[in-house]
2 protein chains.
Amino acid sequence: MDERQLRILRELGELGSVTAVADALLVTPSAISQQLRLLQRAIPVPLTERQGRRLVLTDAGQALAGAATEVESALARARHTVEEFLDRPDGEVSVAAFSSAGAAFFPLLLRALAGPDGPVLALADADVTQDDFPPLTREYDLVLAHRLDHAPPWPRTVTATPLLSEPLDVALPAGHPLAAKPRLTPRDVADQPWIAVHDGFPIMATIEAIATAAGRRPRLAHRINEFSVAAEVVAAGGGLALMPRWTSRPHPDLVLKPLSGVQARRRIDALHRPERTARKAVRTVLTELRGAARTIRDGLAHDDDG
Amino acid sequence: MDERQLRILRELGELGSVTAVADALLVTPSAISQQLRLLQRAIPVPLTERQGRRLVLTDAGQALAGAATEVESALARARHTVEEFLDRPDGEVSVAAFSSAGAAFFPLLLRALAGPDGPVLALADADVTQDDFPPLTREYDLVLAHRLDHAPPWPRTVTATPLLSEPLDVALPAGHPLAAKPRLTPRDVADQPWIAVHDGFPIMATIEAIATAAGRRPRLAHRINEFSVAAEVVAAGGGLALMPRWTSRPHPDLVLKPLSGVQARRRIDALHRPERTARKAVRTVLTELRGAARTIRDGLAHDDDG
DNA sequence: ACGATCTTTTAGTTTCACTACACAGTCCGC
DNA sequence: GCGGACTGTGTAGTGAAACTAAAAGATCGT
């Protein structure tokens with residue numbers, strides 16, 4: 001007793017003849033007859049009986065045909081389950097971000113998607129090396145990753161949605177001699193001690209580019225990934241650091257000065273497996289991420305700070 | 001997307017590896033892998049993903065696996081539908097009977113099965129010739145039929161449950177000269193005019209046997225199938241008639257006298273197709289029919305008449 | 001009685017799920 | 001770190017199952 005045989009039985013109940021069922025199912029009457037015989041073989045009481053030259057259902061056959069209808073509707077529901085799953089606006093969407101992007105984007109995202117019937121956010125921070133961003137898309141629907149402008153592009157296995165192209169400024173103590181200048185050149189800062197990131201993390205290449213532009217080798221005094229930690233060290237006179245202009249919360253004792261002469265920008269992208277955007281909820285979050293990026297770029301992110 | 005593929009997907013969700021599913025379903029992992037691939041071909045988003053060297057369900061896969069469970073339970077219900085149909089005590093049971101059996105059995109049957117949760121009776125009278133009783137089992141669950149003791153048995157296509165072996169008495173007007181005798185011989189009645197049944201109906205052979213036993217040819221004055229009609233004609237002096245001792249309601253102006261010397265009995269059987277008794281409701285009615293037969297034989301049928 | 005209609009049977013073909021086997025990726029212990 | 005165990009996947013071949021075609025059997029209407 002399989003789905004097809006039950007289907008045939010139900011059709012026979014509705015259409016009232018083997019020929020009609022065959023026409024409806026686009027096969028020969030012979031096929032219908034054979035399948036009915038197979039179904040009957042599994043059941044100890046007659047399901048059909050001849051009525052003149054037509055074949056109709058017995059009471060037992062009608063009972064089984066009724067159950068067949070339930071099987072078919074369950075199958076139809078199963079066939080629609082995937083689309084429904086994809087079209088649900090309120091599914092859980094997991095988003096991973098490296099620290100500074102999380103600090104900047106997560107609050108905006110939570111605020112934008114606070115209402116009911118929207119995606120349920122599952123946020124996570126993930127500070128990994130450049131190469132480890134793409135694999136994160138296996139675990140998270142969306143991954144906020146960053147890379148330098150001239151770094152190699154993301155692998156083809158992931159889709160990258162550009163969110164922000166953010167300048168990297170030089171952070172220095174408010175009382176520092178260089179703080180008086182409106183903008184800094186590589187020669188201004190090449191001899192200063194630098195607070196760099198760990199190996200494999202994106203900002204590193206820019207520090208090296210600055211030193212190279214001035215014909216020096218960079219003085220790497222400290223290795224600190226976390227911008228908030230680095231900011232404190234800069235304020236305490238530990239050295240200079242490159243800091244993103246928009247996504248790091250301003251430190252009261254620090255000033256950010258733009259660099260000229262070298263391309264010092266990082267790109268923030270949302271990475272994801274292509275199929276993830278089949279889900280409406282994921283598309284919604286991605287749209288909100290772009291909106292948040294505009295907010296951040298236009299300097300509206302910290303409005304609530306007065 | 002068929003039932004088997006959904007089954008495989010569900011098992012994969014529960015067991016967590018292709019090999020485990022293969023073991024559970026008694027096939028090779030290759031077969032599982034191929035079926036998963038076929039299922040995936042019909043769905044635009046990934047249902048499974050590698051996790052180390054194992055294969056697990058994606059969220060979409062889990063959604064579909066959930067729907068698969070419903071399909072399976074619907075199929076399981078379908079597989080049990082027939083048995084449930086057979087085990088239901090409250091189905092409709094159709095019973096056909098020739099006139100006198102209906103008059104005697106139907107009231108007892110209705111009284112015995114009056115309660116709720118019992119079979120719903122669909123009664124019908126059917127006065128047909130001997131040969132036409134077996135075909136009635138196509139239309140009715142149970143058919144009360146009668147035949148003479150020495151008549152050929154019912155064909156093998158039907159099952160016969162013996163209910164009653166009933167003497168046939170000679171009915172004569174209360175004032176008839178023969179009414180004084182306690183029992184009658186063939187010679188007593190052979191020369192009397194008879195009220196016989198139509199050709200092909202069971203009682204005929206016995207009338208002929210009586211005449212033959214006396215060395216005569218029977219005088220067939222009238223042809224009346226219905227015992228109640230025949231009784232009125234006998235009472236009016238139209239002739240003698242053979243009447244069943246128990247299943248005909250006594251006529252006030254008639255007496256019934258037993259015959260000796262010839263075997264004058266009819267058998268009342270319940271005929272049915274063998275598979276009909278697969279239904280519990282039919283078995284219940286058959287049991288009640290046997291009980292009713294005892295009641296009739298023991299003369300308790302007309303208790304309510306005072 | 002005959003043709004039309006419907007179902008069933010039989011034989012042959014096609015389709016499809018499966019096995020066997022080889023191979024590739026991943027984990028684990030020495 | 002490297003072979004060996006484990007897990008999943010691809011390929012060719014096999015067998016079962018569902019189908020078509022053709023013919024026969026059954027029933028209806030004229």
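To find a chain, count down the sequence lines: A is the first, B the second, and so on, and within it residues start at 1.
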Next item on the list: Let me see the working for A:Val143 and A:Val158 under side-chain contact (heavy atoms from CB on, under 4.5 Å), right down to the final yes or no.
Entry: CA-CA 10 Å; A:Val143 173; A:Val158 299; over 6 Å; no
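- For the pair B:Leu36 CG and C:dA17 C1', the computed distance is 13 Å after rounding to whole Å.
- Counting non-hydrogen atoms under 4.0 angstrom, B:Ser17 reaches the backbone sugars and phosphates but no base.
- B:Thr48 and B:Gln40 are not linked by any side-chain donor-acceptor pair at a separation below 3.5 angstrom, with hydrogens and angles left out of the test.
- Rounded to whole Å, the distance from CE on B:Met1 to P on C:dA17 is 14 Å.
- Heavy atoms of B:Leu38 sit under 4.0 angstrom from primed sugar atoms or phosphate atoms, though from no base atom.
- Shown here are the salt bridge (Lys or Arg N to Asp or Glu O under 4.0 Å) partners of A:Asp125, two or more places apart in sequence or in another chain: there are none.
- At distances below 3.5 Å, at least one donor-acceptor pair connects side-chain atoms of A:Thr212 with backbone N or O atoms of A:Glu208.
- Legend: residues meeting side-chain hydrogen bond (donor to acceptor under 3.5 Å, both in side chains) with B:Arg88, ordered by chain and number and at least two apart, are B:Asp90.
- Remark: P of C:dC27 and CG of B:Leu55 are 14 Å apart, rounded to the nearest angstrom.
- The span of DNA chain D lying next to chain A, judged by atoms under 4.0 Å from heavy atoms, is bounded 5' to 3' by D:dA18 to D:dC28.
- If you measure from atom CG of A:Leu57 to atom C1' of C:dT7, you get 15 Å, rounded to the nearest angstrom.
- Closest to the A:Gln34 side chain, of the nucleotides C:dC18, C:dT7, C:dT10, is C:dT10.
- For C:dA24, the OP1/OP2 oxygens have no side-chain nitrogen or oxygen of B:Arg53 closer than 4.0 Å.
- Here C:dT9 presents its C1' atom at 15 Å from CD of A:Gln35, a figure rounded to the nearest Å.
- Looking only at atom types and distance, the side chain of B:Glu288 has no donor-acceptor partner in the side chain of B:Thr284 under 3.5 Å away.
- Between A:Phe133 and A:His146, the ring planes lie perpendicular to each other; the angle is over 60°, past the 30° to 60° tilted range.
- For B:Arg37 and A:Ile32, each mapped to the nucleotide of DNA chain D holding its nearest heavy atom, the one lying further toward the 5' end belongs to B:Arg37.
- If you check every strand for non-hydrogen atoms under 4.0 Å, B:Ser30 touches a base.
- Across the protein-nucleic acid pair, B:Leu26 atom CG and C:dT19 atom C1' stand 14 Å apart, rounded to whole Å.
- Comparing A:Arg50 and A:Asp2 along DNA chain D, the residue whose closest nucleotide (by nearest heavy atom) sits nearer the 5' end is A:Asp2.
- One atom, CZ of B:Arg4, and another, P of C:dA17, lie 10 Å apart when rounded to the nearest Å.
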